[in-house]
Amino acid sequence: MILYSLKCGTGHEFESWFQSAEAYDRLVSAGHVTCTICGTGRVEKAVMAPKVRASATDDDGGSECREDAGKGPLSTPASPAEHALRKLKALVETNAEDVGHRFSEEARAIHLGDAPQRSIYGQARREEARALVEDGIPVLPLPWGTERTN
């Protein structure tokens, strides 16, 4: 396993574990690495100082060597913004229906009165979302990516 410091195109910095350097390259090439704060797929390695042990006794037999070890699991929000984003995501997932890739057709049907009025979320291609907006159907992008994780 390897820990990389990463930085997204908007400047957010975060860390993520990868099986190997090759695994990182494959995941980035496939678009599976996203910013943990804003969800953008424009992610690259940040400059990182190597961690050097002062002696063999500093190693406790394979546990994490990170400075922040013991502060919680990697899934713990790293910043107040990430914490707020996770709360918003939970609120949306609790109070709206995930219609997946049917988002555009379902949003249009609700707008036209052909489907029951309710809150929905899902995925739409850029051109589908643009067509909804141009037709006066209120939609808004959610500030997180899909369920792909780093």
Side-chain angles (χ1 to χ4, degrees), residues 1-108 110 118-134 137-150:
M1 295 291 286
I2 187 167
L3 175 68
Y4 282 133
S5 289
L6 303 173
K7 186 175 184 177
C8 78
T10 58
H12 299 120
E13 294 186 16
F14 57 99
E15 295 178 334
S16 190
W17 289 94
F18 296 90
Q19 185 176 15
S20 64
E22 294 79 22
Y24 167 82
D25 292 336
R26 279 194 313 275
L27 290 168
V28 167
S29 297
H32 294 295
V33 179
T34 58
C35 176
T36 60
I37 298 167
C38 68
T40 183
R42 293 182 7 241
V43 174
E44 61 186 29
K45 292 180 200 173
V47 176
M48 190 172 163
K51 202 167 286 270
V52 180
R53 290 186 294 151
S55 70
T57 59
D58 288 347
D59 188 87
D60 60 357
S63 67
E64 292 183 33
C65 294
R66 296 169 17 129
E67 289 175 18
D68 62 349
K71 292 184 181 177
L74 290 174
S75 60
T76 302
S79 68
E82 185 178 348
H83 180 71
L85 187 60
R86 287 187 182 194
K87 284 178 67 176
L88 175 62
K89 184 176 182 188
L91 184 67
V92 168
E93 290 173 345
T94 300
N95 295 296
E97 179 184 344
D98 182 1
V99 295
H101 294 288
R102 299 185 342 268
F103 179 80
S104 294
E105 66 184 63
E106 201 64 29
R108 189 173 299 282
I110 291 169
R118 66 199 190 281
S119 297
I120 62 170
Y121 69 99
Q123 295 88 42
R125 292 189 318 271
R126 187 178 312 232
E127 58 272 10
E128 293 172 332
R130 183 174 288 127
L132 291 170
V133 170
E134 288 172 355
I137 301 170
V139 297
L140 117 104
L142 297 174
W144 55 82
T146 60
E147 287 303 309
R148 295 180 292 186
T149 58
N150 292 331

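Ala107 and Leu132 make their closest contact through CB-CD1, 4.3 Å (heavy atoms, listed as atom of the first residue, atom of the second, distance). The minimum heavy-atom distance linking Thr34 with Gly39 is given by the pair CB-O, 3.7 Å. Across every non-hydrogen atom of Cys8 and Phe14, the tightest pair is N-CE2, 4.4 Å. Shortest non-hydrogen contact noted between Val43 and Leu6 is CG1-CB, 3.9 Å. The nearest pair of heavy atoms linking Val139 to Ala129 is CG2-O, 4.3 Å. Considering every non-hydrogen atom in both Thr10 and Cys38, the closest pair reads OG1-SG, 3.6 Å.
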Does the pair Arg26 and Glu22 meet the rule for a salt bridge (Lys or Arg N to Asp or Glu O under 4.0 Å), with working shown? CA-CA 6 Å; Arg26 279 194 313 275; Glu22 294 79 22; over 6 Å; no
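Scanning for side-chain contact (heavy atoms from CB on, under 4.5 Å) contacts around Glu127 gives Arg125, with sequence neighbours left out. Listed by chain and number, the residues in a salt bridge (charged side-chain N to carboxylate O under 4.0 Å, His left out) with Glu97 are Arg118 (sequence neighbours excluded).
Rounded to the nearest 0.5 angstrom, Ile110 CD1 and Ile137 CD1 are separated by 10.0 Å. Taken to the nearest 0.5 Å, the OG atom of Ser20 stands 9.5 Å off from the CE atom of Met1. For the atom pair CG (Leu88) and NE2 (His83), the distance works out to 12.0 Å, reported to the nearest 0.5 Å. Separation of atoms NZ (Lys45) and OH (Tyr24) is listed at 6.0 Å; rounding is to 0.5 Å. Of the inter-residue distances, the one linking Tyr121 atom OH with Leu142 atom CG reads 9.0 Å to the nearest 0.5 angstrom. To the nearest 0.5 Å, atom CD of residue Gln123 and atom OG of residue Ser104 are 10.0 Å apart.
None of Arg108, Arg102, His101 except one satisfies the side chain to side chain contact (heavy atoms under 4.5 Å, CB included) rule with Glu105; the exception is Arg102.
Residues Thr36 and Ser16 are not in side-chain contact: their nearest non-hydrogen atoms beyond the backbone lie 4.5 Å or more apart.
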